[in-house]
Amino acid sequence: MMFIGYMYNCLIEKASALSLVLHSHSYILGRALEELRGSLYNDFHTPEGAKRQQQRLCGPIIALTFNFVVAVGIIMANKMVMGTVGFNFPVALSLIHYLFAWALMAVLKALYLLPIAPPLKSTPFSSLFALGAVMSFSTGLANISLKHNSVGFYQMAKIAVTPTIVVAEFIIFQKKVSLQKVIMLVVVSFGVAIATVTDLEFNFFGACVALAWIIPSAVNKILWSNLQQIGNWTALALMWKTTPITIFFFIVLMPLLDPPGLLSFNWDFKNSSAIIISALFGFLLQWSGALALGATSALAHVVLGQFKTIVIMLSGYLVFNSDPGFTSLCGAVIALAGMSVYTYLGMKGSGTSGRRNSLNSRQNSHFLKSKVITDGEKQETKTVDSV
């Protein structure tokens with residue numbers, strides 16, 4: 001009996017120890033899950049966490065590549081809408097694009113997948129209103145300019161955006177561009193002009209629209225880049241706040257700049273499907289453009305747009321056997337060479353800046369550590385003196 005009692009007590013002790021171990025493991029697992037939930041909440045439901053996630057998942061190369069692919073896709077989609085479908089209402093098409101984008105973001109917000117925006121007190125409403133306004137003028141006037149101008153005149157207006165951005169950033173933010181980059185930007189613009197400006201048909205109304213488009217386009221890119229890099233704005237959060245303002249301005253501009261006949265358009269399934277596909281590409285273009293501007297700069301985004309133009313022209317020559325002419329091909333080669341050097345200078349500057357920031361961080365850390373030790377020694381000396 002004593003042996004049975006001894007075995008019973010041993011079993012009870014082992015069961016208690018096992019229960020304690022299981023309880024400890026469950027507590028550790030629970031803490032780990034709670035920390036993971038808190039980390040995910042901070043990553044998606046705080047402006048700082050959402051901004052870190054965007055920077056981690058979508059660096060400059062990914063953002064620029066995404067924007068390039070979508071930009072090529074929307075060109076094909078809009079050609080189908082404007083040409084095959086015959087939807088000749090550029091401002092109305094832009095309005096449909098932004099309404100579709102706003103609806104998609106509303107769904108994301110309802111599913112708690114839309115990144116949270118920073119407090120409005122951190123960003124003046126005037127900045128958001130200005131961004132929404134210039135975005136509507138930039139998009140709407142670009143479509144009208146393309147409709148009323150020859151391709152060559154439209155490309156000349158796009159080239160003029162580059163020096164406008166340089167001047168505007170210098171006036172507003174005192175931001176300077178190195179002489180080497182300025183030279184490369186001139187080379188790129190010169191090459192793009194030779195490659196694409198083959199017909200310069202002048203239309204007075206089209207020329208006025210093109211000139212009116214240049215400044216809003218430059219300011220639009222500058223504001224998108226500046227608000228994301230200085231504040232804790234993510235691309236989707238900034239789109240959510242500014243899209244209603246843009247929609248309002250499109251509604252105002254549509255009866256003034258679009259021809260009549262929108263309501264009498266044939267809204268059958270085929271035509272509506274083509275417009276919806278274009279609207280989906282429009283949302284992706286707006287999002288990818290915002291990501292690219294947040295990850296790089298307004299100038300880098302302009303250079304990407306010129307690179308896209310050259311690649312489309314060379315693709316037509318290499319794949320579809322189109323003949324742009326020897327002069328255009330020489331211009332394309334000059335532009336690509338300038339873009340390559342500009343990209344190298346940008347990467348070199350980023351690397352130098354990163355090393356400088358790292359060195360300053362280490363120096364500041366060493367200074368703070370020395371200050372803490374010195375303060376501690378002073379405090380200890382004072383204590384001894386008082387005793």
Side-chain angles (χ1 to χ4, degrees), residues 47 50-51 54 63 67 90-91 94-95 97-99 101-102 105-106 109 114-145 157-158 160-175 177 208-257 282-283 285-302 305:
K51 181 69 179 293
Q54 177 175 299
N67 185 240
V91 178
S94 300
L95 175 62
H97 285 185
Y98 279 83
L99 285 171
W102 188 80
M105 288 187 289
K109 186 174 179 63
L114 191 74
I116 192 169
L120 288 179
K121 62 182 180 180
S122 64
T123 304
F125 178 74
S126 58
S127 298
L128 299 177
F129 184 83
L131 178 56
V134 298
M135 190 159 48
S136 62
F137 282 98
S138 174
T139 306
L141 292 175
N143 289 335
I144 296 170
S145 175
K158 286 182 68 175
V161 173
T162 303
T164 305
I165 289 176
V166 174
V167 174
E169 287 190 326
F170 177 75
I171 294 174
I172 299 173
F173 304 112
Q174 287 75 49
K175 185 177 180 180
V177 182
C208 292
V209 171
L211 291 175
W213 167 76
I214 292 172
I215 293 179
S217 177
V219 174
N220 178 45
K221 295 178 185 298
I222 292 170
L223 287 177
W224 271 107
S225 180
N226 182 261
L227 286 175
Q228 289 187 84
Q229 292 181 3
I230 292 180
N232 284 319
W233 287 95
T234 58
L236 283 175
L238 198 53
M239 287 168 60
W240 174 250
K241 291 294 183 181
T242 56
T243 296
I245 302 170
T246 306
I247 290 173
F248 168 76
F249 277 96
F250 276 139
I251 293 173
V252 174
L253 291 173
M254 187 171 62
L256 300 175
L257 299 175
F283 165 72
L285 181 67
Q286 185 188 359
W287 183 27
S288 63
L291 288 171
L293 286 165
T296 56
S297 66
L299 278 177
H301 192 256
V302 169

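All residue numbers refer to positions in the sequence shown, counting from 1.
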For side chain to side chain contact (heavy atoms under 4.5 Å, CB included), just list the numbers for L128 and W233, CA-CA rounded to whole Å, side-chain angles, deciding distance to a tenth of an Å, and then say yes or no. CA-CA 11 Å; L128 299 177; W233 287 95; 4.1 Å; yes

Go through it in stages, so that I can follow the logic: the residues are T243 and Q286, the test is side chain to side chain contact (heavy atoms under 4.5 Å, CB included), and I'd like the CA-CA distance, side-chain angles, deciding distance and then a yes or no. CA-CA 10 Å; T243 296; Q286 185 188 359; 3.8 Å; yes

Which is it for F125 and K241 under the side chain to side chain contact (heavy atoms under 4.5 Å, CB included) test, yes or no, and what are the steps along the way? CA-CA 10 Å; F125 178 74; K241 291 294 183 181; over 6 Å; no

Show your reasoning for whether side chain to side chain contact (heavy atoms under 4.5 Å, CB included) applies to I172 and N226. CA-CA 11 Å; I172 299 173; N226 182 261; over 6 Å; no

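Partners of H301 according to the side chain to side chain donor-acceptor pair (under 3.5 Å) rule, which considers only residues two or more places apart in sequence or in another chain, are N67, K221. N220 pairs by the side chain to side chain donor-acceptor pair (under 3.5 Å) definition with W224, not counting sequence neighbours. With sequence neighbours excluded, no residue satisfies side chain to side chain donor-acceptor pair (under 3.5 Å) with S297. Not counting sequence neighbours, the partners of A63 by the side chain to side chain contact (heavy atoms under 4.5 Å, CB included) test are C58, L291, A292, A295. Evaluation of the side chain to side chain contact (heavy atoms under 4.5 Å, CB included) rule for S136 yields T246, F249, F250 as partners, not counting sequence neighbours. With sequence neighbours left out, the side chain to side chain donor-acceptor pair (under 3.5 Å) criterion links S145 to N149.
In this structure, CG in L293 is found 10.5 Å from CG in L299, a value given to the nearest 0.5 Å. Distance check, rounded to the nearest 0.5 Å: CD1 of I247 to CE of M135 gives 9.5 Å. With values rounded to the nearest 0.5 angstrom, S138 atom OG is found 12.0 Å from I215 atom CD1. The structure places CD1 of I144 at 7.5 Å from CG of L253, a figure rounded to the nearest 0.5 Å.
Nearest heavy atoms, Q174 versus I171: NE2-O, 3.3 Å. Nearest heavy atom pair, residue A298 against residue E169, reads CB-OE2, 4.0 Å. Considering all non-hydrogen atoms of both residues, F173 and I222 come closest at CE1-CG2, 3.4 Å. For the residue pair A237 and I116, the shortest heavy atom distance occurs at CB-O, 4.1 Å. Heavy-atom minimum distance, A235 versus A290: CB-CB, 3.6 Å. Annotation for I214 and A160: closest pair CD1-CB, 3.7 Å, computed over non-hydrogen atoms.
None of W240, F283, F248 except one satisfies the ring pair (Phe, Tyr, Trp, His ring centres under 6.0 Å) rule with W102; the exception is W240.
V209 is not listed as a side-chain neighbour of L257, based on a closest heavy-atom distance of 4.5 Å or more. By the 4.5 Å heavy-atom criterion applied to side chains, V177 and F170 are not counted as neighbours.
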